[in-house]
Amino acid sequence: MRSFAALLGFIAAAASAAELPSPDLTAVEPRVRAAIEKELASAAREPDSPSTWGRLAMTLHAHQFDDEAAAAYSEASRLAPGDFRWTYLQANVEEASDPAAAAALYGQAVELDPSYAPARIRLASSLEKIGLAADADVHYQQAARLEPDNAVAHLGLGRLALVRGDVDQATRHLERAYELSPETQAVVAMLSRARHRAGDSDGARRLAQAARDLPPLLHQRDPRRAEVDLLAVDSESFLRRSKTYRETGQLQASLGELRRLIELEPGNAQAHFAAAGVHDRMNRPREAVAAARRALELDPDLAGGRAVLAGALFKLGQFGEAAAEAERVLAQDPADIHMLLVTTMLAMRENDVARALERLDRAAGVGASDTRMRELMIQLQLELADALGGAGLYDDAARRIEQVVETLERAGAGDSELQPYRSRLARYRERARG
Amino acid sequence: MILCVREWCRRAGCRPDPGWRVGGGPAWWPRLLPPSVLMVAVGTTVGCAPGEGASDTPSVPSPSTGAEPAPSVRFVDVTAETGLDFVHATGSAGTFPMPAIMGGGVAVFDADGDGLLDLYFPNAGREIAGEAGRNRFYLQRPRGRFVDATAGSGLDNPGYGMGAAVGDIDNDGDLDLYVTNLGADVLYRNEGGGRFAGVTEEFGVATSGWSTSAVFFDADLDGWLDLYVAHYVQWHEARECQVQGGRVDYCGPQQFEGEADVFYRNDGGRRFVDRSREAGVSLIEDAGLGVVAADLDADGLADVYVANDADPNQLWINRADGMFEDDAVLLGAAYNRFGVGEAGMGIALGDIDGDRDLDLFLSHLIEETNTLYVNLGGTPGATDGFEDRAAEAGLAAPSTPYTGFGTAFFDADNDGDLDLAVVNGAVKRRPEVLSERDDWFWSGYAEPNLLMLGDGAGVFADASGVSGDFGTALDVSRGLVPFDLEGDGDLDLLVSNLEGSARIYRNETIAGPAPAAGTGAGWVRLRVIDPELRRTALGASVVAWVDGRPLRRLVLPLGGYLTGGEAPLHIGLGDATSVERFEVTWPGGAVEEFDGATTGSEVTLFRGEGR
């Protein structure tokens, strides 16, 4: 009798258990195939274990096998209906392709765990995508209540207020988001819109200009989702994680991802190149030079590789080599603004004023592509103006300041920002006349 | 399989229960169930009906479905009947060179002056794809028949073709052609009779790099058409890109540096002068794809809007002094509603909500929502900018499963409201293959098209599933042009496909060739001419007053994605029997009023002949 009951139980379980997903692994990296096959085998061994199905789902999710991941999450949820994680992560899978489905799943997830702010925010943004702004607003508010310092929640509230035409409230929330996350394109661009709508065109223009050069995404802390991302073992994922860490200022973690990738793939030129960039940001020119050299050994045509090397060599004080690398870049691309400025600095170092002026004029003609380059160009213009003015070459000094004013005007600078330079320009002109 | 069912259901007009996986198996709710029923259903899947439980979480209401369910429209594939046999070929199946997945534009214009619209298709070039990759030129003969007229036309440029722009560069009364390439572009001057002469060097437009869309417009109101050419990225053939666990596929734009666009000023119809630097457009090196030129801040000058791929879009505001200033961020047209730059592909432009200002629509990548930038109005020259209202308009959710390219606002059913078509085709192999063609490499990239019917107030209903062949064909589509093929008073659709046949879909929504008054499908066709310039008054704006309602339409080159051309304006009248009057705002701001016209008329408005 007992064995019959067991048999019935087995039949019932077999009838309700989901089939194992069968992702097409024929063209994927061997590391990825191995990771997925390991989890598939675990799920086959333990078909009643929600955590095993969940782990399989997360591994599939991490490698963008979305349909298979969704099916596995669904099975994990069926086996453990009270576990917030699987519903939440299944909603993550649906979020990009089907916001309506994602909204419903997020709705269920926040019922299972009302205190997890990232779920509220994702629910709100899914609702926004399907045109339910008022409902989205409620969830952004609840997220802001749970985490008062959550910039994403304030950005959402500000954005929705702006859509409603409530510019004051929008500005309040967006100012708060800006306080919390001043280096994010989405926040700065939206605050620029609010200022424009409020009639502050100078302030709006300055922010709009700044937004262009900032990293685009506002990364929110989402430990549940981060667990998935960390499971990805393909090379692109290491690079992506490294980039995310770099953009959020976590340079050591960024480097850690690249080191793991280099351990697995010592010949990956992109990894060495990215490492050079991170070392450069960490002000470690020696390491940056070594990494850039390795990247170029592996791929001599690597876009941007030689420019990073030239910049790092300059910082390291190896000026001759820096100049040679910079000239090689400029031979390929005469309008490379970074290299034009590096060669300007090299010329100034050698007191070759004519060459410095020629390079700086070329750089001004190309125009600065981002804030960092613009600031460097302005600094060099001012230093040269000082030198020229000190030598009594007031016309030439005035020309430098004119270029500073033009550059700032193009960047949308307001009158107060321009005033000191205009005064200085007037002084040089006066001295030139007198 | 999961998505197959979802896709089937989308076509069939039903809506998935988002909680079906939690419930253990698919369940489907018919689309027409009232929202309250859907709410209960969603709640039931987790055992918590609305009102139960202690949660402070509001129930998740049913998503917006846009306007009321769409009435049927019908587009039938008549390509074979028309004699059009163009097949785009890149010869690149399985090798993944990025340009192969981006090309495939088309130009539609009257090349030989017979009043019928002719076709030009850029192709991947003889060097790459052999004879199969030749650019082709088709002249239209009466009754909508096309004949291949490439031989002897002078238009057989062997370069790696992308798109084309059309305009009268020398104001001699015929339309000239600019072909964008990966590599040097080509300018052809129309010599009459369907023959063209290459004048690239003579006119100084030997641009290299990777050009995509281009547009002719009169930036400085001197009467000569200037030219803006969008550029994409600095592509390197050696770069290999991976997706989904390391599988090789086409690279995205992030893998390369962007390329600055080019602005040419027309110097008296004799040559073009590169003014990119002076105008400010060379300052930004982004991955440009779609481009339109129109007066977007209502100051009487044409501005330029560029859709960038994975970069913020540009809105180059014309400052009247030869300079353009990118105000896209300031004016809310750079990013989507979440402040994120998306993969901008094609652009449609029109007044979708009847408030007489211009709204912008952009097609985007799979898993992004297409973007509708609604114009917030303001005072001339001091616009309040734009706001992404794609979700509210019902245009966001239907677009997320597909990658959109060519797009256009047009009146599909002649009811006077602008509708929207978007043609789709993936740039990376889809997670789920929709096409059943087993032996076709491109099956993994083929997608169906979207047809959205507008209500005239800014809300759209998805009519793709009931739009006939247009909504069911599975191609890798790029270019889209609405035009009245047979002159029967409704707009047909030309679609250029990558690695496949171009298709013509005849509009069979309206029965009979010339609808009589009261059928709900009246129309007039308009040409708007500046006789002094001997050409169409590009940049003019026409308001047709119909039953006291102003229908604003723009006189612009055809555009969207890699698409160019010129066609008469088509205005649907719905139940009205006539247009009461036309109001034309000419480039520069002068306004004239003209007598109206009855349904079924073809009217030409000449500058200076109004009131």
Side-chain angles (χ1 to χ4, degrees), chain A residues 16 27-29 32 63-67 70-71 74 77-78 87 90 96-105 107-108 110-111 114 125 127-132 135 138 142 155 159 163 185-187 189-190 192-193 196-197 204-205 208 211-212 216-217 234-236 301 303 365 367 369 410, chain B residues 2-3 6 15-16 18-19 21-22 24 42 45-46 48 53 55-61 63-64 234 236 238 242-248 256-257 277 280 282-285 312 327 329-332 334-335 337-341 366-367 369 384-385 387 391-392 394 396-397 400-401 431-432:
Chain A
S16 57
V28 304
E29 289 179 19
V32 175
H63 297 102
Q64 299 162 49
F65 289 96
D66 287 352
D67 286 348
S74 175
S77 288
R78 190 185 68 80
T87 308
Q90 188 182 345
S97 61
D98 191 344
L105 284 164
Q108 295 167 21
V110 298
E111 287 185 358
S125 72
L127 290 167
E128 253 193 284
K129 281 184 193 165
I130 55 176
L132 299 174
D135 299 281
V138 171
Q142 287 169 342
L155 175 62
R159 179 172 61 239
V163 171
Q185 192 175 71
V187 172
M190 200 59 69
S192 160
R193 291 286 301 129
H196 180 73
R197 297 275 293 275
R205 197 168 283 281
R212 280 199 64 87
L217 285 174
D234 59 299
S235 45
E236 287 295 322
D301 298 324
S369 53
R410 279 193 165 194
Chain B
I2 291 162
L3 281 180
R6 181 183 299 160
R15 180 170 291 281
R21 285 178 183 131
V22 178
V42 170
T45 55
V46 289
C48 182
S55 168
D56 60 348
T57 307
S59 301
V60 178
S64 161
Q234 298 168 39
H236 310 290
Q242 300 172 333
V243 294
Q244 201 189 36
R247 189 168 50 74
V248 177
F256 307 98
E257 296 290 317
R277 227 185 79 186
S282 67
L283 276 177
I284 296 175
E285 293 182 342
D327 278 351
V329 178
L330 191 74
L331 298 179
Y335 309 106
R337 71 186 295 145
F338 296 101
V340 177
I366 185 172
E367 300 192 348
T369 53
D384 285 341
E387 204 159 71
E392 290 81 353
T400 51
E432 184 233 0

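Chain letters run A, B, ... following the sequence lines, proteins first and then strands; every chain starts at 1.
Contact count versus chain A (heavy atoms, under 4.5 Å) is highest, among B:Ile366, B:Leu330, B:Thr400, for B:Leu330. If you tally non-hydrogen atom pairs under 4.5 Å between each of B:Val248, B:Asp327, B:Leu331, B:Thr369 and chain A, the highest count goes to B:Leu331. Taking B:Arg337, B:Glu285, B:Glu257, B:His236 one by one and counting their heavy-atom pairs under 4.5 Å with chain A, the maximum is reached by B:Arg337. Residue with the most contacts toward chain B among A:Met190, A:Glu236, A:Glu128: A:Glu128 (heavy-atom pairs, distance under 4.5 Å).
At least one side-chain heavy atom of A:Arg212 sits less than 4.5 Å from a side-chain heavy atom of B:Ile284. Using a 4.5 Å cut-off on side-chain heavy atoms (C-beta onward), B:Glu367 and A:Asp66 make contact. In this structure, the side chains of A:Asp67 and B:Glu432 come closer than 4.5 Å at one or more pairs of heavy atoms.
Separation of atoms CG (A:Leu132) and CD (B:Glu392) is listed at 9.0 Å; rounding is to 0.5 Å. Note that the CZ atom of A:Arg159 and the CD atom of B:Glu387 stand 11.0 Å from one another [nearest 0.5 Å]. To the nearest 0.5 Å, the span separating CZ on A:Arg197 from CG on B:Asp384 amounts to 6.0 Å. Rounding to the nearest 0.5 Å places CZ of B:Phe338 at 5.5 Å from NZ of A:Lys129.
Closest approach of A:Gly131 and B:Ala391 over heavy atoms only: N-CB, 3.5 Å.
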